[in-house]
Amino acid sequence: MIADLEGGSLPVDLQTLTSEMRACALCTDLPLGPNPIFQISAAARMLIVGQAPGRITHGKGRPFDDPSGDRLRAWLALDRETFYTDPRIGIFPMGLCFPGGGPGGDKPPPEICARTWRQPVLDRLPKVELTLVLGAYAIAWHLPHLKGKSVVQAVQSAAEGQDKVFVLPHPSPRNNRWLRQNAWFEETVVPRIQATVRRLLDAPAGHAGHGAEEGPHG
């Protein structure tokens, strides 16, 4: 197993790497124990990056199999079967396991998880043409220039899918108030995301569109 990205040799292919991740036990203080949850294929064209599996997801062993996932699939205009079975859809959170709960929600994903696994996986996903970034920890890693920005600022900064990236608020029901106060997201940004996803998944292999739908800022 890779001990850390900073030392040791890397697995030679994605299949080996995913096997290593599923057997990962780097964190010894997880309240429910290790249970890496992700959905990765070399065929992935779209990559969803969030924070870490929640308690419900940990129990079910499948990413976004909860009310947050229902809302996310609605934003993407994808049914459950496509979301979970289409190899072109990848799901790779910043933390692979449930980190435990805290007073204001789940604890942050352990830093060692991203440090160990993230870049090796991304290096082995050459077909990804769209990245959907959810939450502060994913933003800080994938879009470091937006680190520390508010959710509104981060979402607006990528509202047209610049550089093949959209930033989304977390689809958790805890964000219902944010969504009511920022109706522009579902009115203007979500349609762009849906059009991009539709074009990406409808296109034949090797002929996916480039960039996102053009349109005015939301």
Side-chain angles (χ1 to χ4, degrees), residues 36-40 44-58 60 62-78 80 83-84 88-99 101-102 104-111 113-114 117-118 121-122 125 128-182 184-186 188-194 196-197 200 212 218:
I37 297 173
F38 56 90
Q39 180 174 302
I40 294 294
R45 288 185 176 177
M46 176 174 71
L47 190 64
I48 301 169
V49 295
Q51 177 166 295
R55 187 179 295 272
I56 294 176
T57 298
H58 174 93
K60 293 186 176 181
R62 189 160 65 168
F64 288 107
D65 194 2
D66 56 13
S68 295
D70 292 338
R71 173 174 279 163
L72 177 60
R73 285 183 284 275
W75 285 347
L76 305 181
L78 293 174
R80 287 176 62 88
F83 186 80
Y84 288 120
R88 296 171 296 177
I89 300 172
I91 304 172
F92 188 41
M94 296 304 299
L96 301 181
C97 301
F98 172 57
D106 291 347
K107 293 180 179 179
E111 292 183 3
C113 195
W117 302 116
R118 198 143 202 87
V121 169
L122 297 180
L125 299 177
V128 170
E129 297 187 35
L130 173 64
T131 302
L132 304 178
V133 182
L134 289 73
Y137 297 97
I139 291 171
W141 199 96
H142 285 265
L143 301 166
H145 63 287
L146 297 178
K147 184 178 180 179
K149 299 291 186 181
S150 69
V151 175
V152 170
Q153 291 173 315
V155 173
Q156 288 179 332
S157 72
E160 294 186 19
Q162 300 93 318
D163 298 320
K164 303 178 184 178
V165 175
F166 281 101
V167 176
L168 287 68
H170 197 283
S172 167
R174 294 177 180 174
N175 270 345
N176 286 345
R177 181 179 179 182
W178 188 95
L179 291 168
R180 288 194 300 268
Q181 294 175 337
N182 297 277
W184 53 268
F185 170 72
E186 292 188 323
T188 63
V189 181
V190 166
R192 293 174 189 152
I193 295 172
Q194 292 178 349
T196 305
V197 172
L200 196 66

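Here the structure is a predicted model, which means the values were calculated and not measured.
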Open item on the list: For the CD atom of Glu111 and the CE atom of Met94, what is their distance to the nearest 0.5 Å?
Closed with: 9.5 Å
Task: Contacts of Gln194 that satisfy side chain to side chain donor-acceptor pair (under 3.5 Å) - sequence neighbours left out - done: none
TODO: Report the distance from atom CG of Leu47 to atom CG of Leu122, rounding to the nearest 0.5 Å.
DONE: 6.5 Å
- [ ] Please identify each residue that fulfils side-chain contact (heavy atoms from CB on, under 4.5 Å) with Ala158, with sequence neighbours left out.
- [x] Gln162, Val167
TODO: Return the set of residues passing side-chain contact (heavy atoms from CB on, under 4.5 Å) with Lys149 (not counting sequence neighbours), or none when no residue passes.
DONE: Leu146, Gln153
Please report, to 0.1 Å, the donor-acceptor pairs under 3.5 Å made by any side chain of residues 137-144, with sequence neighbours excluded.
residue: His142; atom: NE2; partner: Arg118; partner atom: NE; Å: 3.1
residue: His142; atom: NE2; partner: Arg118; partner atom: NH2; Å: 3.1

- [ ] Would you give the length of the straight line joining atom CD1 of Ile91 to atom OH of Tyr84, rounded to the nearest 0.5 angstrom?
- [x] 6.5 Å
Open item on the list: Looking at every heavy atom in both Phe64 and Thr57, which two are closest together, and how far apart are they?
Closed with: N-OG1, 3.9 Å
Task: Where Pro53 and Pro99 come nearest, the two heavy atoms and their spacing - done: O-CD, 3.7 Å
Task: Rounded distance [0.5 Å steps], CD1 in Ile193 versus CG in Leu200 - done: 13.0 Å
- [ ] Anything under 30° is parallel, anything over 60° is perpendicular, the rest tilted; go ahead and classify His58 against Phe98.
- [x] tilted
Open item on the list: Please find the pair of heavy atoms, one from Gly161 and one from Phe166, that lie closest to each other, and give the distance.
Closed with: N-CE2, 3.3 Å
Open item on the list: Quick check: closest heavy atoms across Thr188 and Trp184, and the distance to 0.1 Å?
Closed with: OG1-O, 2.6 Å
Task: Closest non-hydrogen atom pair between Leu134 and Leu132, with its separation - done: CD1-O, 3.5 Å
Task: Pro93 side chain near Phe38 side chain, heavy-atom distance below 4.5 Å - done: yes
Task: Side-chain heavy-atom pair Arg71, Asn176 within 4.5 angstrom cut-off - done: yes
- [ ] Indicate the atoms forming the closest heavy-atom contact of Leu76 with Val197, along with that distance.
- [x] O-CG1, 4.1 Å
Task: side chain to side chain donor-acceptor pair (under 3.5 Å) partners of Arg80, counting only residues at least two apart - done: Asp65
Open item on the list: Tell me every residue that passes side-chain contact (heavy atoms from CB on, under 4.5 Å) with Pro169, counting only those two or more places apart in sequence or in another chain.
Closed with: Trp75, Val151, Val155, Asn175, Trp178, Leu179, Phe185
TODO: Find the distance between OG1 (Thr196) and CD (Glu160) and round it off to the nearest 0.5 Å.
DONE: 10.5 Å
- [ ] With sequence neighbours left out, write down each residue that passes salt bridge (Lys or Arg N to Asp or Glu O under 4.0 Å) with Arg73, or none if nothing qualifies.
- [x] Asp70
Open item on the list: Please enumerate all residues that pass side-chain contact (heavy atoms from CB on, under 4.5 Å) together with Ser172, with sequence neighbours excluded.
Closed with: Ser68, His170, Arg174
Task: Those residues that, when tested against Gln181, pass side chain to side chain donor-acceptor pair (under 3.5 Å) (two or more places apart) - done: none
Task: Asp163: side chain to side chain donor-acceptor pair (under 3.5 Å) partners, not counting sequence neighbours - done: none
Open item on the list: Would you compute the distance between atom OG1 of Thr131 and atom CE of Met46 and round it to the nearest 0.5 angstrom?
Closed with: 10.0 Å
